[in-house]
Amino acid sequence: MSDVPHGAVTRSAKLATLPLGFAGRTALGLGRRIGGASAEIVAQEIQRRTADQVFKVLGELKGGAMKLGQALSIFEAALPPEIAGPYRATLTKLQDAAPPLPASVVHRVLTEQLGDDWRENFLEFDDRPSAAASIGQVHRAVWHDGRQVAVKIQYPGAGKALISDFNQLSRLGKLFGALLPGLDLKPVLAELKERVAEELDYFKEAEAQQAFAEEFRDDRDFRVPAVIAANEQVLVTEWMTGTPLSKIITDGTQEERNHAGLLFVRFLFCSPARVGMLHADPHPGNFRLMEDGRLGVLDFGAVNRMPGGHPVAFGRLTRIFNQGDMDAVVHGLRAEGFIRPHIEVDVDALRAFLAPYVEPTRVEEFTFSREWLREQAANVADLRPNNVVRQLNLPASYVLIHRVHAAGVGVLCQLGATARFRDEVVRWVPGFADDPGAPETTPLALG
C-alpha cells in the first residue's frame, strides 16, 4: 500500500468486501459444521476473522471510513458481551494504530513538504510509525536542537478519501429521512464535512494545539505538547510520554480509572470556557495518563470553536429537566432546533428518553458502566414508529457537541469510572447552576 485509495468506485468496492467477506466466512462455517465442528466454535472463528478483516479494510482506507471504525471502537461498550468480545481488541487497535505507510512514501511526503534536505531538520528520525490514525501517522524523532518530537505526516490522498466518503454518506439522505423523519440530515452532513475537512489543514491544527498548549502550560491537571513546526502535510510537536487511556481501560486499577475519567470530563467541559474551543475527537488514543497524575492530550485536528463557551441553553435545559418542567423543556428544545416545527412529540416518551442522559448531573457521584450504556443504546437503536428518537433533530451547531458527548460517554463506560462528574457541569457549563434571581423555569427564559 502506497497511497490511500480515493476513487469512489475503488473505495465502494473496498467497503463492499466487508459484508461479502462475512457471507463467505459464514458459508465456510456452515461447511465446517457439517464436518462436525461445534456451532459455538464456528461462530467464534467467524467473528474473529470478521474483526480481523474490519481492521484491515478500514485501516487501509483511512479517511472517513476509518473514522467510522474509530467510532465503533468507542461504542463497542454498548454491544452485548457475547457479540463485543471478538471485536473489542481488534476495534480498539483502530484507536492507536492502522496498517502503516511504507518508509518510501513517508520519505516522499517529507521531501515534497520540507525539501530534499529534510533530514537536516532532525538529528534522528524513526521510519517506523509510533501511531497511525485516520488521516496521518506519527513518527518519533529528535529535532535539530535535541528535543524529542512527534512528527505527524498526512497520508497522500487523505483529503480526496475524506471528501469521497462524505459524498457517499450524503447519498443516504433519503434512507435516513425514512428512518428518522424528525432529522434534517443535510446540514448535519454539511457541518461534519466542513469540520472534518479542517482536519486536513495542519496549519489550523497547529494553531488550535498551540492555543491549548499555552492555556494549559504548567497546569496541575493537563499537559498539551507545544507545536514546534508545521507545514501543509507535516506537523512537528513536542513528544509526550504516558500510559495510553486504552491501556488504563484494559489494565488500570479502579483508582486510575476514576482519576482518568474525572480529568477526561474536566478537560472536555473546561476547554470551551478556558480556550474557546472543544476538543472534538475524544477517543482513548488521544489521551495519556502521565506519571505525575496529569492527563496528556493529543490530536487537535478536530476542534469546535466556541468563543462563548458551552451554549447557555444546554445547561439551562438540563437543569430545568431535572426540576421537572417538561413544557419548558419542549419549548426550549424547539427554540434550539432539536424539535422541528412540524413535529409533535409525546412528552412522557421524551422524558423517559432523556432521563438516563441527564442522570449523571442529578446525583453527587455517578458510575458509568457498559451495562448502563447498553440500556441507553437499546433506546436509540429502537426505530419503531412510536420511538421518540425518530422525531428529534440534531441542529448543525450541536453536531460536534453531540459527537463529543456521545463519544465521551462511551469512553467513560469503557473505563467504568466513578466520580463527582456533576461538580464539573456545575463549574463549567453556564446555565446549569441555580440562579435564584432569574425565572429560568419559564419558557421565556430559555432563549
Side-chain angles (χ1 to χ4, degrees), residues 74 95-96 148 150 205 207-227 237-249 251-310 314-315 360-361 363-368 400-401 404-405 407-430 432-433:
I74 292 171
Q95 297 170 335
D96 291 307
Q148 297 284 326
E205 179 172 350
E207 179 185 7
Q209 180 162 339
Q210 191 58 26
F212 276 86
E214 291 175 2
E215 172 60 34
F216 292 115
R217 182 181 290 121
D218 301 323
D219 192 271
R220 67 178 185 178
D221 291 328
F222 309 110
R223 162 96 196 285
V224 177
V227 175
T237 66
E238 294 175 336
W239 183 264
M240 184 173 67
T241 58
T243 304
L245 202 57
S246 54
K247 186 73 171 174
I248 301 296
I249 288 171
D251 301 327
T253 65
Q254 190 59 52
E255 183 180 4
E256 289 173 329
R257 292 165 179 266
N258 294 345
H259 178 65
L262 180 60
L263 289 185
F264 178 76
V265 169
R266 182 173 297 162
F267 177 78
L268 295 178
F269 277 126
C270 82
S271 295
R274 294 182 59 178
V275 191
M277 286 182 276
L278 175 68
H279 186 291
D281 194 8
H283 72 77
N286 289 335
F287 297 86
R288 303 282 186 271
L289 193 60
M290 305 177 67
E291 286 188 5
D292 60 9
R294 288 184 296 169
L295 186 69
V297 188
L298 302 167
D299 197 344
F300 292 83
V303 297
N304 191 14
R305 287 166 175 79
M306 302 168 64
H310 282 283
F314 178 78
T361 71
V363 294
E364 295 300 317
E365 188 174 80
F366 187 79
T367 299
F368 286 91
L400 289 189
I401 296 174
V404 171
H405 180 267
V409 166
V411 172
L412 290 168
C413 289
Q414 286 183 314
L415 283 166
T418 299
R420 296 175 63 91
F421 298 110
R422 182 180 185 275
D423 291 349
E424 304 305 316
V425 182
V426 170
R427 182 179 181 185
W428 298 110
V429 179
F432 180 80

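The first residue of the sequence shown is numbered 1, and numbering continues consecutively from there.
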Visitor: Which pair of non-hydrogen atoms, one from Asp221 and one from Arg266, has the smallest distance, and what is that distance?
Guide: OD2-NH1, 3.2 Å
Visitor: Please report the interatomic distance CD(Glu205) to CG(Asp299), rounded to the nearest 0.5 Å.
Guide: 5.5 Å
Visitor: Evaluate the side-chain proximity of Leu268 to Pro282: yes if any heavy-atom separation is below 4.5 Å, no if none is.
Guide: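 Counting from C-beta outward, Pro282 and Leu268 do come under 4.5 Å.
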Visitor: Is any side-chain heavy atom of Val224 closer than 4.5 Å to one of Met240?
Guide: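 A side-chain contact under 4.5 Å is absent here.
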Visitor: Verify whether the ring centers belonging to Phe421 and Phe366 lie closer than 6.0 Å.
Guide: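 Phe421 vs Phe366: aromatic centres not under 6.0 Å.
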Visitor: Is any NZ, NE, NH1 or NH2 atom of the basic residue among Glu238 and Arg223 found under 4.0 Å from an Asp or Glu carboxylate oxygen of the other?
Guide: yes
Visitor: Taking side chain as C-beta onward, heavy atoms only, is Asp423 less than 4.5 Å from Glu364?
Guide: yes
Visitor: Would you please test Arg274 and Asp219 for side-chain contact (heavy atoms from CB on, under 4.5 Å) and show each step?
Guide: CA-CA 12 Å; Arg274 294 182 59 178; Asp219 192 271; 3.0 Å; yes
Visitor: Closest approach of His279 and Asn286, non-hydrogen atoms and distance?
Guide: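 Closest pair (atom of His279, atom of Asn286, distance): CE1-ND2, 4.0 Å.
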Visitor: With a 3.5 Å distance limit and no angle check, can you tell me whether Asn258 reaches the backbone of Thr418 through a side-chain donor-acceptor pair?
Guide: yes
Visitor: Locate the shortest heavy-atom distance separating Val429 from Phe314; write the atom from each residue and the value.
Guide: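 Smallest heavy-atom distance, with atoms named: CG1-CD2, 3.7 Å.
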Visitor: Does a salt bridge link Asp218 with Arg294, judged by any charged N lying under 4.0 Å from a carboxylate O?
Guide: no
Visitor: Compare all side-chain heavy atoms of Val404 with those of Leu278 and state whether any distance is below 4.5 angstrom.
Guide: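 Touching, per the 4.5 Å side-chain cut-off.
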Visitor: With ring-ring contact (aromatic ring centres under 6.0 Å, His included) as the criterion, how do Phe264 and His259 come out once you've worked through the C-alpha distance, each side chain's angles and the decisive distance to 0.1 Å?
Guide: CA-CA 9 Å; Phe264 178 76; His259 178 65; over 10 Å; no
Visitor: Where the side chain of His405 meets the backbone of Leu400, is there a donor-acceptor pair that is under 3.5 Å apart?
Guide: no
Visitor: Decide yes or no for Ser271 and Phe222: does some side-chain heavy atom of the first lie under 4.5 Å from some side-chain heavy atom of the second?
Guide: no
Visitor: Got Leu415 and Ile248 here, is their nearest side-chain heavy-atom distance under 4.5 Å?
Guide: yes
Visitor: Measure across Pro284 and Ser246 and return the closest heavy-atom pair with its distance rounded to 0.1 Å.
Guide: CB-N, 3.8 Å
Visitor: Go through Arg422 and Phe432 one step at a time and tell me if the side-chain contact (heavy atoms from CB on, under 4.5 Å) criterion holds.
Guide: CA-CA 10 Å; Arg422 182 180 185 275; Phe432 180 80; 4.1 Å; yes
Visitor: Salt-bridge test for Glu365 and Arg420: reply yes if a basic N is under 4.0 Å from a carboxylate O, no otherwise.
Guide: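 Salt bridge absent between Glu365 and Arg420.
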Visitor: Is the closest side-chain heavy-atom distance between Leu298 and Arg288 below 4.5 Å?
Guide: yes
Visitor: Minimum heavy-atom separation for Trp428 to Ala273, with atom names?
Guide: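 Reported closest heavy-atom pair: CE3-CB, 3.9 Å.
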Visitor: Answer whether the closest heavy-atom distance between the side chains of Lys247 and Pro244 falls below 4.5 Å.
Guide: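 A side-chain contact exists here, since the closest heavy-atom pair is under 4.5 Å.
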Visitor: Can you tell me if Gln254 uses its side chain to pair, donor with acceptor, with the backbone of Gly416 under 3.5 Å?
Guide: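 At least one qualifying donor-acceptor pair exists.
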Visitor: Is it true that a side-chain atom of Gln209 and a backbone atom of Pro225 form a donor plus acceptor pair closer than 3.5 Å?
Guide: yes
Visitor: I would like to know whether Val275 and Phe216 meet side-chain contact (heavy atoms from CB on, under 4.5 Å); could you show each step before the answer?
Guide: CA-CA 9 Å; Val275 191; Phe216 292 115; 3.9 Å; yes
Visitor: Could you tell me which non-hydrogen atom of Ala226 sits nearest to which non-hydrogen atom of Ala213, and how far apart they are?
Guide: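 Taking Ala226 first and Ala213 second, the nearest heavy atoms are CA-CB, 4.0 Å.
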Visitor: Mind checking the OG1-CD spacing from Thr243 to Glu256? Nearest 0.5 Å is all I need.
Guide: 7.0 Å
Visitor: Check this for me: Glu207, atom CD, are more than 12 non-hydrogen atoms of other residues, nucleotides or ligands nearer than 6.0 Å?
Guide: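 Counting other residues, nucleotides and ligands, CD of Glu207 stays at 12 neighbours or fewer.
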Visitor: Hey, is the main chain of Ile249 close enough, under 3.5 Å, to the side chain of Arg257 for a donor-acceptor pair?
Guide: yes
Visitor: For Phe212 and Phe267, take the angle between the two ring planes, folded into 0 to 90°, and tell me which bin it lands in: parallel under 30, tilted 30 to 60, perpendicular over 60.
Guide: tilted
